[in-house]
Number of protein chains: 2
Amino acid sequence: MKTAAVPSDDQIDISTQSIRDTIRDAIVDRRLAPGTKLSEADVGALFNVSRTLVRAALQALAYEGLVNVEKNRGAFVAYPSPEEARQIFATRRLIEPGILREAAKHMGPSHLQHLRQLLMEEGRLMAERGQTARRAEIKASGDFHLMLASMTGNAVMQRFMDELVARSSLVIALYGQSAISSCGHQEHDDIVTAIENGDLDRACHLMIHHIDHIEADLDMRENKGSDLREAFGL
Amino acid sequence: MKTAAVPSDDQIDISTQSIRDTIRDAIVDRRLAPGTKLSEADVGALFNVSRTLVRAALQALAYEGLVNVEKNRGAFVAYPSPEEARQIFATRRLIEPGILREAAKHMGPSHLQHLRQLLMEEGRLMAERGQTARRAEIKASGDFHLMLASMTGNAVMQRFMDELVARSSLVIALYGQSAISSCGHQEHDDIVTAIENGDLDRACHLMIHHIDHIEADLDMRENKGSDLREAFGL
DNA sequence: GCGCAAAAAATCGTATACAATTTGACCACT
DNA sequence: AGTGGTCAAATTGTATACGATTTTTTGCGC
């Protein structure tokens, strides 16, 4: 029963932050289905820590919008409503063009190379098959936007984008149709090209359309989503 | 002892959220000076709760950027560096025009009236003297921006603006020179007028200049601010 | 067999207890 | 007097304990 054989016999001091990051990765990668209950005792048992640390991690995740905590009932992996999803993408449309311009200001040749490198990795993943590859693809797609944010040198914007990308990943995993990401990759490429050419207006234009396309590919009909599924126990 | 009859004698169930809000108000109003240590035991004693709840509140505030938590040392009221301050205002310049346009989309006559009402209250406070009035003035000035955010109907933007306004208030309290706010009030008024006239371009323009003016009024020389003072035990 | 009430179990909310780390003081020593 | 080191006090980090609330189960009457 205590077969924790894999990483090493005993765990090596897992702190609140690691717990939070691990759970977040699991949520964003959709290894944890939306609506799943995250019992404090269960999670604590998995990480071999007390409920105290688990609670702290769950509260932080609640602040990021990745889990919902209901008083006296527990924490659940967030199940973003279509309305929430729209708000998330509306916010991205609002701030990402600005981030793009700000990032471009501070961008040098090495930064552009990093972006190209990321795109290559993204393309490589796209070619592969299987759920693992698809998860990595979604993740890489988000990393492109995060890298732009990091290039602004603005920690506040970076944190906002962290949250937006994480929640977007959750939404895409929930409502996404699938074939879309290929388009997304090409659009990332076009955006970088526009930046390289110094045509920021075009880059922003492309960025907005890119976000539009991501959102347009979602199938946010309620049946797939809201209460029914959760009511049936998963 | 169980006479919960009157809500005054004993405390009336102070939850984590109330603690967080109370501390935040105190920070934003600058009743708690930046750099002040927030000892878990002391705060807990003040609210008559255990350290558990205080810790939760402090962690949440740390996430909002209003307190810094240093491992094994404790929580301190944030002391935003000039660099942080610039990033905060850069972020506001980036998103507030968008919020303005988004809010204008959903705005009806009643919304405009609410804005006007807020401005009147702001003007009334401006006329008064004393530190209390000045605090209320800073708060009211922030409320204007928050009300615009709430009018977008977008909870994500609203949360972002909550954080930005709170941190801005802290920065203004720290580095602000004083006489400025009068200008700010007039600028708020002009923005509303532009919205009423349907001239959104002008409103956005005014908004950006307004944020510029707020930032320009700050005196962010390091001596007043960063490490020295904190190093000297305050 | 079905529905409902009451008890039992499970889970969360909060407080307290104990371990680990930091901070400050005191004292010996150069 | 100044410096370094060790110990004590205070503070945070984490776990555990206990009460409150919710959920499930049980048992009874119909």
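On a predicted model such as this, the values are computed, not experimentally measured, just so you know.
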- Item | Nucleotide C:dT16, atom P - distance to CD of B:Glu40 in whole Å | 15 Å
- For A:Asn72 and D:dT23, what is the distance between atoms CG and C1' respectively, to the nearest whole Å? 12 Å
- Task: Give a yes or no on whether a salt bridge exists between A:Glu122 and A:Lys139, defined as a side-chain N under 4.0 angstrom from a carboxylate O.
- Result: no
- Considering all heavy atoms, the nearest A:Ser169-A:Val28 contact: CB-CG1, 3.4 Å
- Task: Kindly indicate whether the side chain of A:Arg73 and the base of C:dG13 share any N or O donor-acceptor pair separated by less than 3.5 Å?
- Result: no
- Write down the distance between CG (A:Asn68) and P (C:dC12), rounded to a whole number of angstrom. 15 Å
- Item | Atom pair distance, as rounded to whole Å: CD in A:Gln59 and P in C:dT14 | 10 Å
- Task: In whole angstrom, give the distance that lies between atom CZ of A:Arg55 and atom P of D:dG13.
- Result: 17 Å
- For C:dT14, take OP1 and OP2 only and decide whether either is under 4.0 Å from a side-chain N or O of B:Thr52. no
- Task: Could you state the atom-to-atom distance from CG of A:Asp42 to C1' of C:dT11 in whole Å?
- Result: 10 Å
- Item | Atom-to-atom span, CG of B:Leu38 to P of D:dT11 - whole angstrom | 13 Å
- Task: May I ask you to say whether A:Asp42 pairs ionically with A:Lys37, meaning some side-chain N is under 4.0 Å from a carboxylate O?
- Result: no
- Task: Please state how far atom CZ in B:Arg51 lies from atom P in C:dA17, giving the value in whole angstrom units.
- Result: 12 Å
- Answer yes if the ring centres of A:His106 and A:His111 are under 6.0 angstrom apart, and no otherwise. no
